[in-house]
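For reference, the structure discussed in these notes is given below.
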Protein chains: 2
Amino acid sequence: MGTQDRLIEATRELLWERGYVGTSPKAIQQHAGAGQGSMYHHFTGKPDLALAAIGRTAEEMREAAGRVLDAPGSAYERISAYLLRERDVLRGCPVGRLTMDPEVIASDELRAPVDETIAWLRERLAAIVREGLDRGEFTPGITPDDLAATIVATVQGGYVLARASGSADAFDAGVRGLLALLGPPVEPVLHI
Amino acid sequence: MGTQDRLIEATRELLWERGYVGTSPKAIQQHAGAGQGSMYHHFTGKPDLALAAIGRTAEEMREAAGRVLDAPGSAYERISAYLLRERDVLRGCPVGRLTMDPEVIASDELRAPVDETIAWLRERLAAIVREGLDRGEFTPGITPDDLAATIVATVQGGYVLARASGSADAFDAGVRGLLALLGPPVEPVLHI
DNA sequence: GTCTATATTGCGATAGAC
DNA sequence: GTCTATCGCAATATAGAC
């Protein structure tokens, strides 16, 4: 891994842990084992470096979520797999946490990858809900876009509850509550 | 309003807007119209001031939520009123946003009021869900503590979606999705 | 209680040698 | 490409006059 990569990786870690306003160039350099000159050679400054880091994190998140959502199974099973997927709950979501950062929100450039990632996730889940509705898995009257927003919000809010209480239990409780409302999964009618 | 009060109010605003790591003593003094000496006379330093500010915000939030949750009506109606209560969606939750702050989470003193407020809210909602279950408003099999966590998570996560997209619509969508799963409210059996 | 002065450290970046 | 030197400014206080 080259110096440039190490700088990006260090920035990703620190943005996840401390956010944008809480992350200093010096801290990044120390984590990356790189000097000042090195950092300012590869990047124009902190915003440029953050943009590269956020972009990489967003891409990784889409890949990880995509793997779960693309797996075979009923709509309920795939949503359930997404909700129950392994997570570092107490660390929170490396993308979602950036929405609480005033400087990220103030910058269209930095906010864009955050917005796009969450929008992508909502659309992906809405499509799965639509499939489930077509197959009679969910009670009719459900609006796919709304339910998709609820699913993503439950996850993002679950991190808040977990970090407030200092325990991952709160996240799990929120997920169980949502799954209980969604299920138990109705056996689909077999079209033989 | 005395200088001490103005300092606390300024800190509350800035903590809400920028979080703990993003809020400097100098910014607090400027917002409060107070000098350095004044601030360090009334408070021992930034953590002390933040503690006073967070305490007041937490108290205010419990009062506001309590007013909605204590109103008369069915469990569904009270939960619905809580979810639909007026909010400054794009500003986020002044208590929940603190969970993303590394220095708040690292300090037991600063985290305590955050933890207690969210725990109080979850317990309050769980009690209402229990009432609703007793009256047959919800499908049996629902676990009150879990559903309470889902409700709070939907709100907290709704802020994340809204801030990511730059629009309150995402928050509303998440709430609609949850209400659709919870309802439509079944007419309770009348015990005449 | 509030003010100004001062101190130390870190932030965020530029310059120029190697 | 990486290093050290330097810069101007802000963070987070302390000291002591008024």
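Protein chains get the first letters and strands the later ones, always in sequence-line order, with residue 1 at the start of each. As a basis for the values below, the full set of heavy atoms in this structure was taken, side chains included, without hydrogen atoms, waters or symmetry mates.
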Q: Keeping the roles fixed (side chain from Ser167(B), backbone from Asp169(B)), state whether a donor-acceptor pair exists under 3.5 Å.
A: yes
Q. Given atom CZ of Phe43(B) and atom P of dT12(D), what is their separation to the nearest angstrom?
A. 16 Å
**Q.** side-chain contact (heavy atoms from CB on, under 4.5 Å) involving Glu17(A) - partner list, sequence neighbours excluded
**A.** Arg91(A)
Q | Partners passing side-chain contact (heavy atoms from CB on, under 4.5 Å) against His42(A) (at least two apart in sequence or in another chain) | A | Thr3(A), Gln4(A), Leu7(A), Ser38(A)
Q. To the nearest Å, how far apart are Asp5(B) CG and dG1(C) C1'?
A. 15 Å
Q) Could you state the CG-P distance from Leu14(A) to dG10(C), rounded to the nearest angstrom? A) 16 Å
Q: Enumerate the residues from residues 105-113 of chain A whose closest heavy atom to DNA chain C is under 4.0 Å, giving them by residue number; use none for an empty result.
A: none
Q. Taking DNA chain C as the partner, which of residues 21-39 of chain B come within under 4.0 angstrom of it by heavy atom?
A. Gly35(B), Gln36(B), Gly37(B), Ser38(B)
**Q.** Val104(B) backbone acceptor or donor facing Ser107(B) side chain under 3.5 Å
**A.** no
(Q) My understanding is that only residues two or more places apart in sequence, or in another chain, count here; which of them pass side-chain contact (heavy atoms from CB on, under 4.5 Å) with Asp48(A)? (A) Phe43(A), Thr44(A)
(Q) For Glu86(B), is the CD atom crowded, meaning more than 12 foreign heavy atoms sit under 6.0 Å from it? (A) no
Q. dG1(C) phosphate, OP1 or OP2: any side-chain N/O from Thr3(B) under 4.0 angstrom?
A. no
Q.
Please determine whether a side-chain nitrogen or oxygen atom of His41(B) lies at a distance below 4.0 Å from atom OP1 or OP2 of dC3(C).
A. no
Q. Of the candidate nucleotides dT12(D), dA13(C), dT2(D), which contains the atom at the shortest distance from the side chain of Tyr40(B)?
A. dT12(D)
Pairs under 3.5 angstrom only: tabulate donor-acceptor contacts from the side chains of residues 22-29 of chain B to other protein residues two or more places apart or in another chain.
| unit_1 | atom_1 | unit_2 | atom_2 | d |
| --- | --- | --- | --- | --- |
| Thr23(B) | OG1 | Leu14(B) | O | 3.2 |
| Thr23(B) | OG1 | Gly19(B) | O | 2.6 |
| Ser24(B) | OG | Ala27(B) | N | 3.1 |
| Gln29(B) | NE2 | Pro25(B) | O | 3.3 |

Q.
Measuring from the side chain of Lys46(B) (C-beta onward, heavy atoms only), which nucleotide among dG1(C), dA13(C), dA13(D) has the closest atom?
A. dA13(D)
Q: Could you pull out the closest heavy-atom pair between Ala164(A) and Ile118(B), with the gap in Å?
A: CB-CD1, 3.8 Å
